[in-house]
Novice: 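I have a structure I would like to understand better, so I am pasting it below and will then ask my questions one at a time.
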Amino acid sequence: MSKTSQQNTATDANGVSVIHTQAHSSGLQQVPQLVPVSPGGGGKAVPPSKQGKKNSFVDRNSDEYRQRRERNNMAVKKSRLKSKQKAQDTLQRVTQLKEENERLEAKIKLLTKELSVLKDLFLEHAHNLADNVQPVGTETATTNPENSGQ
């Protein structure tokens, strides 16, 4: 199977050379490559959304310009308010979490103290039981009245 390709080079309005490659009998599509036209490579490829806006002159006294500036100013104001509100919410959440943490640490101290008291009571009780129990095999005749008559 022979793979041959053909390249077409074209320059767009921004001075960017676009190379279109067509591959024959490969079944694969290739993406166009953006290559700067100048040999120094100093130019940047500009996306299509920005191409027409670069050289257009806008009259600052026009109604359209005033409306765009007003919409932009409102958007900036809204964005800053939203950012400020988010910072306040975060600060409030931090304060709540700190208070909850302090309450939980106090509860830990209380429960640790309670555990220590209960452990001491248990050990004292266990020690008293150990003192009252006699070792196995040291029974006396007086402790079992049924066996003393035989």
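Hydrogens, waters and symmetry mates are skipped; everything else that's a heavy atom, side chains included, is used. Since the model is a prediction, treat every value here as computed from it, not as a measurement.
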Novice: Could you pull out all donor-acceptor pairs under 3.5 Å where a side-chain atom in residues 73-81 meets a protein atom, sequence neighbours excluded?
Specialist:
| from | atom 1 | to | atom 2 | distance (Å) |
| --- | --- | --- | --- | --- |
| N73 | OD1 | R69 | NH2 | 3.3 |
| N73 | ND2 | R69 | O | 3.3 |

Novice: Name every donor-acceptor pair, under 3.5 Å, that has one atom in a side chain of residues 96-115 and the other anywhere in the protein, sequence neighbours excluded.
Specialist:
| from | atom 1 | to | atom 2 | distance (Å) |
| --- | --- | --- | --- | --- |
| T112 | OG1 | I108 | O | 2.7 |

Novice: Check residues 57-64 and write down every donor-acceptor pair under 3.5 Å in which the side-chain atom is one partner and the other belongs to a residue at least two apart or another chain.
Specialist:
| from | atom 1 | to | atom 2 | distance (Å) |
| --- | --- | --- | --- | --- |
| D59 | OD1 | N61 | N | 3.3 |
| S62 | OG | D59 | O | 2.9 |
| S62 | OG | Y65 | N | 3.2 |
| E64 | OE2 | R68 | NH1 | 3.4 |

Novice: Write out all pairs satisfying side chain to side chain donor-acceptor pair (under 3.5 Å) with one or both partners inside residues 81-91, taking only residues at least two apart or from two chains.
Specialist: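 Listed once each, the pairs are Q85-D89.
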Novice: Which residues end up grouped with F122 if you chain together Ile, Leu, Val, Met, Phe, Trp and Tyr wherever their side-chain heavy atoms are less than 4.5 Å apart?
Specialist: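 Hydrophobic cluster check, F122: joined to L123.
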